[in-house]
Amino acid sequence: MAEAPQPVRGTRDLIGEDQRRFAHVVDTARAVCGLYGFDEWQTPVFEETRVFSRTLGETSDVVTKEMYSFADRGGDSITLRPEGTAAICRALVSNGLTQSLPQKIFYAGPMFRYERPQKGRYRQFHQIGAELIGPAEPLADAEVIALGRDILAALGIADATVLELNTLGDLESRGAWREALIGYFREVAEGLSEESRARLERNPLRILDSKAASDQALVANAPRIDGYLTATAQAHWDGVRRGLDQFGVAYRVNPGIVRGLDYYSHTAFEFVTTSLGAQGTVLAGGRYDGLVAEMGGPPTPAIGWAGGIERLAMLLSSAPAQPAPVAVVPMGEASQAAAIGVLQSLRAAGLRAEQSWRGNLKRRMERANRIGAGWAVILGEDELSRGMAQVKRLATGEQAELALDRIAAYIAAQDH
RNA sequence: GCGGACGUAGCUCAGCUGGUAGAGCGCCAGGUUGUGGUCUUGGAUGUCGCGGGUUCGAGCCCCGUCGUUCGCCCCA
């Protein structure tokens, strides 16, 4: 035997139960987004590299070491998208839709990051996402967060997650706060972990969500954004929290939520769980008022989030069961034609129906059992000569003889 | 990029202080040539991840390598 190929590191096949869970997450999210008036977009899985390098922040890890970038045959630098929002903004601008706001967008699809895989983290992973582009009102933030909450609720996992909320302020607030943080952490730098000392130069906000125990005490006494909010930033922050109360969304303010991508301002939030090891963030986002302009469009406020489908699927207690099929069991060549007629009549009636291709009656019944069939339709020559067949309910073993053209209606009626 | 754990049958795993592989499940066939799920009898399946080393002898010890997994970083 030739050596069998394995899937590339960090990728995996979705088969059976895995695929049903995955599809259930996407289907549920799509349906709930529809209720909120969001329309689905599809954008390419790869883009010009600058779509991401320009917008995610030159120092972010996603850009500096995680992008799948390559030169195509024409020499252009292409990148497999590491996230969805930048691509959506590019599509908005490319299609001239900045003229017709607001846009309410749902998307789902694969994303790619070159990372070390671990629980709930893959190199090809999948996200659902929602973006509301146009409104600057704090109520828009609240509605988009409520949408996320409703999807988690529809999946039955809202109770397994907590919404953590923070504000990063507007540019002015954030700049002043950042300076204060740098000043403070420089004073106490000896006490910081090695990693946080590196962050001090690169991305000081990230020190706030450090997991290192030695940093926790220092972080607790660090300057808080509250003291640096401008009047407009404060008003937005107040408005978001009021809106969440009106939507009935519970949250916990967490000053440590800073988000990893540079384009966020004002609202930042994460739905987190404790049951997925180190990868607790399940659905997260924030406001990104500067991103559309960076993509070459007019200044346009926007807010959105992305959710990890693999992580959401892992939280599901089970995938929705598929309906039990009807197994059609012909006995010999003579009954094959009749079997096809019965199969098609079952399918026309909306029933899942299959037949097996080979084997004696016993073998075919075993197969019917193995595929989880609820019914078997057995086509024997004696009955066929009278235009009849045996219809067996496999759970109970009850069996009845029915006319061929009545079978589909009979089973459809019994199934509910 | 860094650290820990683990790689034995299709799956889950056992395998003693080194003596050239085992169970359960699944699969195949029979008991039952027109009836599955239970029961019962029998059967097949392995380059023990890969390469090297030590040894009379390696699944077991040593080195390397690849892969998986958990964590760090980062993120969904």
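Hydrogens, waters and symmetry mates play no part in the numbers below; they use all other heavy atoms, side chains included. Lettering follows sequence order; numbering is per chain, from 1.
- For the pair Arg347(A) (side chain) and Ala353(A) (backbone), a donor-acceptor distance under 3.5 Å is present.
- Here the P atom of nucleotide U35(B) and the CD atom of Glu383(A) are 12 Å apart, to the nearest Å.
- A76(B) and C2(B) have their C1' atoms separated by 23 Å, with the value rounded to a whole Å.
- Mapping Glu270(A) and Pro7(A) onto RNA chain B via the closest heavy atom, the residue that lands nearer the 5' end is Pro7(A).
- Rounded to whole Å, the C1' atom of G7(B) lies 6 Å from the corresponding atom of G49(B).
- Between U12(B) and G31(B), the distance separating the two C1' atoms is 30 Å to the nearest Å.
- Glu115(A) has no carboxylate O lying under 4.0 Å from a charged side-chain N of Arg123(A), or vice versa, which leaves the two without a salt bridge.
- At a threshold of 4.0 Å, the pair Glu17(A)-Arg20(A) counts as salt-bridged, since one of the basic side-chain nitrogens sits closer than that to a carboxylate oxygen.
- As rounded to whole Å, 6 Å separates atom P of C72(B) from atom CD of Gln118(A).
- Residue-level contact check: Arg364(A) touches neither bases nor backbone, having no heavy atom under 4.0 Å from any strand.
- One N or O donor and one acceptor, one from the side chain of Gln399(A) and one from the base of U35(B), sit under 3.5 Å apart.
- Counting only distance, with no hydrogens or angles, the side chain of Thr49(A) and the backbone of Ser77(A) share a donor-acceptor pair below 3.5 Å.
- Map Arg123(A) and Lys362(A) each onto its nearest nucleotide of RNA chain B; the residue landing nearer the 5' end is Lys362(A).
- Straight-line distance between the C1' atoms of U47(B) and U40(B): roughly 36 Å, to the nearest whole Å.
- A salt bridge does not link Glu131(A) with Lys104(A): none of the charged nitrogens is closer than 4.0 Å to a carboxylate oxygen.
- Searching all strands for a Watson-Crick or G-U wobble partner of U45(B) with both distances below 3.5 Å returns nothing.
- Residue Ala376(A) is classed as having no contact, given no heavy-atom separation below 4.0 Å to the nucleic acid.
- The pairing partner recorded for C16(B) is none, the criterion being a Watson-Crick or G-U wobble arrangement whose two distances lie under 3.5 angstrom.
- Pairing of U69(B), defined by two Watson-Crick or G-U wobble distances under 3.5 Å, is identified with G4(B).
- Between Phe52(A) atom CZ and C74(B) atom P the separation is 22 Å, expressed in whole Å.
- With P as the reference atom, G22(B) and C56(B) are 27 Å apart, rounded to whole Å.
- In this structure, Arg367(A) places its CZ atom 11 Å from P of C28(B), rounding to the nearest Å.
- Between the side chain of Asn369(A) and the base of G37(B), no donor-acceptor pair under 3.5 Å is found.
- For the pair Arg241(A) and Tyr251(A), the cation does not sit on the ring face, since its NZ or CZ is not both under 6.0 Å from the ring centre and inside 45° of the axis.
- For the C1' atoms, the distance linking C28(B) with G34(B) amounts to 23 Å, nearest Å.
- For C25(B), the paired nucleotide is G10(B), the pair qualifying as Watson-Crick or G-U wobble because both relevant distances are below 3.5 Å.
- Contact annotation: side chain of Arg311(A) to base of C75(B), donor-acceptor pair present below 3.5 Å.
- Using N1 to N3 plus N6-O4 or O6-N4 for Watson-Crick, or N1-O2 and O6-N3 for G-U wobble, each under 3.5 Å, C39(B) pairs with G31(B).
- Taking atom P on both nucleotides, G24(B) is separated from C63(B) by 36 Å, rounded to a whole Å.
- Rounded to whole Å, the separation between the C1' atoms of A14(B) and U8(B) comes to 10 Å.
- Atoms CG (Leu312(A)) and C1' (A76(B)) sit 8 Å apart, rounded to a whole Å.
- Checking the phosphate oxygens (OP1, OP2) of C2(B), no side-chain nitrogen or oxygen of Arg116(A) falls inside 4.0 Å.
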Assess the residue pair Leu163(A) and Phe269(A) against the criterion (side chain to side chain contact (heavy atoms under 4.5 Å, CB included)); give the C-alpha distance rounded to whole Å, side-chain angles, the decisive distance to 0.1 Å, and a yes or no. CA-CA 7 Å; Leu163(A) 170 60; Phe269(A) 63 93; 3.8 Å; yes
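- The CD-P distance, from Glu66(A) to C73(B), rounds to 13 Å in whole Å.
- When distances are taken from the side chain of Arg9(A) to each of G67(B), A76(B), G34(B), the shortest belongs to G67(B).
- With respect to the salt-bridge test (charged N to carboxylate O, under 4.0 angstrom), the residues Glu310(A) and Arg121(A) do not qualify.
- With hydrogens and angles ignored, a donor-acceptor pair under 3.5 angstrom links the side chain of Lys392(A) to the base of U35(B).
- Evaluation of atom-type donor-acceptor distances gives a pair under 3.5 Å for the side chain of Arg121(A) against the base of C74(B).
- In this structure, C50(B) and G64(B) make a Watson-Crick or G-U wobble pair, each of the two defining distances being under 3.5 angstrom.
- What separates CD of Glu310(A) from P of U69(B) is a distance of 13 Å, to the nearest Å.
- Within the nucleic acid shown, Phe271(A) has no heavy atom closer than 4.0 Å to any nucleic acid atom.
- Glu366(A) comes within 4.0 angstrom of the backbone, heavy atoms only, and of no base.
- At whole-Å resolution of the value, CZ in Phe125(A) and C1' in C75(B) are 8 Å apart.
- Between the side chain of Lys119(A) and the base of G71(B) there is no donor-acceptor pair of N/O atoms closer than 3.5 Å.
- You'll find that the side chain of Arg370(A) is closest to C27(B), out of A76(B), U35(B), C27(B).
- Heavy atoms of Gly129(A) sit nowhere under 4.0 angstrom from any nucleic acid atom.
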